[in-house]
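Quick one: the structure is below, questions incoming.
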Amino acid sequence: MQKIKSYWQNFIDGDWVDGASGRIDIVNPGNGDILAQHALADAADVDRAVQAAKRVHASGVLTDMRPVERGRMVQAMGQYLIDHRDEIATMLSLEQGKPLWEAQVEVAGAARYFEYFGNQAETLEGRSIPLGAGYFDFTTNEPYGVSAQIIPWNFPVEMTARSLSAGLATGNTVVVKPPEMTPLSNAWFGHAAESVGWPKGTVNLVCGHGHEAGAALSAHPDINQVVFTGSVATGIAIASAAAKNVVPCVLELGGKSAAIVHSDADLEAMETDIRKGIFTNAGQVCSAMSRIIVHESRHDELVQRAVSIAESLSVGPGIERTQFGANMGPMISVAQRDRAVSLVSEAVSQGAALSAGGRAMNIPGAFLEPTVLTEVHPNMTIAKTEVFGPVLSVLTFREDNEAIEIANGTEYGLVGGVFTRDVDRATQVARQIRAGQVYVNEWFAGGVETPFGGYGKSGYGREKGREALWNYVQTKNIAIKLKGS
Ligand code: NAD
């Protein structure tokens with residue numbers, strides 16, 4: 001295995017630099033050991049990064065570039081990630097815990113964002129609006145300027161890629177605040193920016209604590225747009241800070257998403273969806289299938305299948321899980337694991353039944369057994385609270401409208417799913433689910449090309465797809481009075 005550098009720096013204005021707030025230990029959740037240290041930025045470091053990004057934006061270098069050229073540079077960053085895929089995936093697996101094969105998939109997914117948004121760079125056309133013979137009127141779409149991007153620890157490579165690629169493709173400069181628990185794999189975005197040749201200050205990485213560097217970035221008067229992916233509480237804090245400077249936000253927050261399983265569903269085929277839906281990344285997925293609402297006639301069969309999936313997973317350090325398959329790594333930290341265990345205990349005390357797992361594993365690291373809770377009632381805490389761990393809650397329904405009511409019964413609205421062989425029923429259910437996207441017969445169906453975002457407390461704005469581009473530009477209308485008319 002590659003030797004791990006013991007200390008990692010921030011990337012500000014084209015230089016790799018220390019942080020004024022010292023260093024943070026990065027812990028390997030697969031064994032509890034310290035992997036390395038990372039520089040911690042304070043508000044002054046954040047200010048230097050923002051001023052650098054502001055200077056590059058004001059120079060016009062990105063905005064004046066022909067979009068196809070900008071797009072090619074964005075795509076070259078994706079190619080850089082592919083060229084360094086093994087190194088990045090190894091570091092991601094070590095710092096975050098996910099199986100190495102999942103980390104490989106994540107790096108490929110990150111590169112795909114640069115490919116897709118690089119392609120889109122030259123598609124942002126304006127329109128001409130007829131105002132009669134006396135005028136010529138047209139619109140242009142201009143970048144906001146400095147895009148501030150605050151990243152969570154669960155998919156640190158993909159989440160940074162998602163916002164950074166769209167921000168650059170539309171001509172913004174970017175200050176990224178990587179997550180303080182998993183900042184190491186983000187370093188390759190700095191290396192990619194250097195290798196592609198963006199002007200110094202176009203891409204900046206300022207890792208620091210959320211309450212310090214994150215808060216300073218979101219409240220900075222010289223940022224022009226914020227993209228945040230993370231928890232609801234932090235999203236509210238960031239949106240409030242940005243509002244004071246009248247800066248727009250995209251918020252991608254949590255979820256408590258439900259799969260509705262009808263009596264005619266193909267449960268054998270759905271096994272893959274259950275494994276992917278709730279056990280990928282040890283369930284630390286905003287769009288996880290954390291609830292299944294199954295028709296009472298299929299309840300027993302579904303539970304039997306879900307339990308056998310949970311019990312068949314090989315759980316252990318992600319770095320040892322190199323091959324695609326039925327395996328799972330640790331959670332991000334012992335604190336997150338213990339929070340999940342206490343939510344499971346609370347569910348049991350409220351009357352849920354533990355059909356699989358539910359306990360912290362007695363090995364070093366932040367491991368939780370893959371867990372299936374049954375006899376969950378919609379009013380229980382577990383039915384409404386995001387666990388952000390490998391914990392599936394199974395509920396039942398009798399009438400279709402009851403299923404919809406349960407599915408829509410949380411404050412979230414990120415994704416939903418419906419499993420049925422009846423396309424009319426699927427379409428009707430999909431229309432009634434209050435969520436930004438609905439999966440029919442395949443959990444996580446879609447891709448970089450399909451818009452993604454929340455209803456309700458799951459956030460607002462869309463990332464991915466062409467819809468994402470509109471969050472990174474503002475429309476300018478230019479009306480010209482023609483002489484002699
Ligand atoms: P978090 O909100 O604690 O942290 C996310 C980021 O925000 C980190 O970089 C952190 O340092 C920063 N931060 C924390 N406090 C801040 C503050 N006051 N001001 C500015 N920045 C601050 O979230 P997390 O625990 O890292 O991630 C888990 C949560 O993220 C879950 O709720 C999950 O559902 C959600 N999530 C959503 C999506 C999505 O696309 N919708 C994707 C991944 C994660």
Side-chain angles (χ1 to χ4, degrees), residues 21 24 38 40-41 43 46 95-96 98 106 109 113 148-163 175-183 186 205-220 223 226-244 247 249-257 280-290 331-333 335-337 339-340 343 385-389 410-415 435-437 444 446 448 450-465 468 471:
S21 281
I24 186 170
H38 198 287
L40 276 180
V46 168
E95 67 175 341
Q96 203 275 346
K98 65 185 67 197
E106 180 168 342
Y113 280 107
Q149 307 185 346
I150 300 175
I151 309 298
W153 46 259
N154 61 339
F155 288 95
V157 176
E158 248 188 279
M159 296 299 100
T160 299
R162 184 168 83 175
S163 307
V175 179
V176 177
K177 210 295 278 172
E180 57 269 51
M181 282 196 278
T182 59
N186 259 242
L205 302 164
V206 281
C207 174
H209 286 303
H211 61 81
E212 193 173 16
L217 182 58
S218 51
H220 200 292
I223 62 163
V226 184
V227 186
F228 172 68
T229 305
S231 61
V232 175
T234 306
I236 292 170
I238 287 172
S240 306
K244 295 205 172 108
V247 163
C249 294
V250 179
L251 299 180
E252 294 280 9
L253 309 178
K256 187 74 190 179
S257 303
T280 294
N281 205 23
Q284 301 162 120
V285 182
C286 51
S287 49
M289 184 201 281
S290 51
M331 293 180 64
I332 185 67
S333 66
Q336 280 291 114
R337 191 270 313 276
R339 175 180 172 271
L343 280 164
T385 309
E386 183 180 47
V387 178
F388 222 55
T410 76
E411 62 181 6
Y412 294 110
L414 194 52
V415 310
Q437 45 274 303
F444 297 140
V448 171
T450 52
F452 185 88
Y455 280 25
K457 290 223 170 113
S458 291
Y460 49 75
R462 293 292 176 268
E463 289 270 72
K464 310 208 293 189
N471 296 307

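Sequence positions, counted from 1, serve as the residue numbers for this chain. Order of listing sets the numbers, starting from 1, for every ligand and every atom in it. For the numbers below, each heavy atom of this structure counts, side chains included, while hydrogens, waters and symmetry mates do not.
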### Message
Below the 3.5 angstrom mark, is there an N/O of Ser458, backbone or side chain, next to an N/O of ligand 1?
### Response
no
### Task
Consider every N or O of His211 and every N or O of ligand 1, then say whether any pair is closer than 3.5 Å.
no
### Task
Pick whichever of Pro156, Pro178, Cys286, Gly230 has a heavy atom sitting closest to atom 35 (C) of ligand 1.
Gly230
### Message
For atom 20 (C) of ligand 1, what is the closest protein heavy atom, and at what distance to 0.1 Å?
### Response
Gly214 C, 3.1 Å
## Note on the structure
If we number the atoms of ligand 1 from 1 as shown, the ones under 4.0 Å from a heavy atom of Arg162 are 40 (O)
### Message
Counting only heavy atoms closer than 4.0 Å, does ligand 1 sit against the backbone of Gln284, its side chain, both, or neither?
### Response
neither
### Query
Of all the atoms in ligand 1, which lie at a distance below 4.0 Å from a heavy atom belonging to Ile238?
19 (N), 20 (C), 21 (N)
## Note on the structure
With heavy atoms and a 4.0 Å threshold, my read on which part of Met181 contacts ligand 1 is neither
#### Entry: Heavy-atom gap Lys464 to ligand 1 smaller than 4.0 Å
no
### Query
Do the side chain of Lys256 and the main chain of Thr385 share a donor and acceptor less than 3.5 angstrom apart?
yes
### Message
Using only atom types and a distance under 3.5 Å, with no angle test, would you say the side chain of Gln284 pairs donor to acceptor with the backbone of Asn281?
### Response
yes
### Message
Applying a heavy-atom cut-off of 4.0 Å, say which part of Phe155 lies close to ligand 1: side chain, backbone, both or neither.
### Response
neither
### Task
Please state which part of Gln149 comes within less than 4.0 Å of ligand 1, counting heavy atoms only: side chain, backbone, both or neither.
neither
### Query
Just which atoms of ligand 1 are under 4.0 Å from any heavy atom in Thr234?
1 (P), 2 (O), 3 (O), 7 (O), 13 (N), 14 (C), 15 (N), 16 (C), 17 (C), 21 (N), 22 (C)
### Message
Donor-acceptor check, side chain of Lys177 to backbone of Gly208, threshold 3.5 angstrom: yes or no?
### Response
yes
### Query
Quick one: does Ser218 get an N or O within less than 3.5 Å of an N or O on ligand 1?
no
### Message
Is there a side chain to side chain donor-acceptor pair (under 3.5 Å) between Glu212 and Ser21? Walk through the geometry before answering.
### Response
CA-CA 9 Å; Glu212 193 173 16; Ser21 281; 2.9 Å; yes
### Message
Give the atom numbers and elements of ligand 1 that come within less than 4.0 Å of a heavy atom of Glu180.
### Response
8 (C), 9 (O), 10 (C), 11 (O)
### Task
Using a 4.0 Å heavy-atom threshold (strictly under), name the region of Leu414 that reaches ligand 1: side chain, backbone, both or neither.
side chain
## Note on the structure
Within the 4.0 Å heavy-atom cut-off, what Ile151 brings close to ligand 1 is backbone
### Query
Is Thr229 close to ligand 1, meaning an N/O of one under 3.5 Å from an N/O of the other?
no
### Query
Counting from 1, what ligand 1 atoms have a heavy atom of Asn154 closer than 4.0 Å?
43 (C), 44 (C)
### Query
To which of Phe452, Phe228, Trp153 does the heavy atom nearest atom 5 (C) of ligand 1 belong?
Phe228
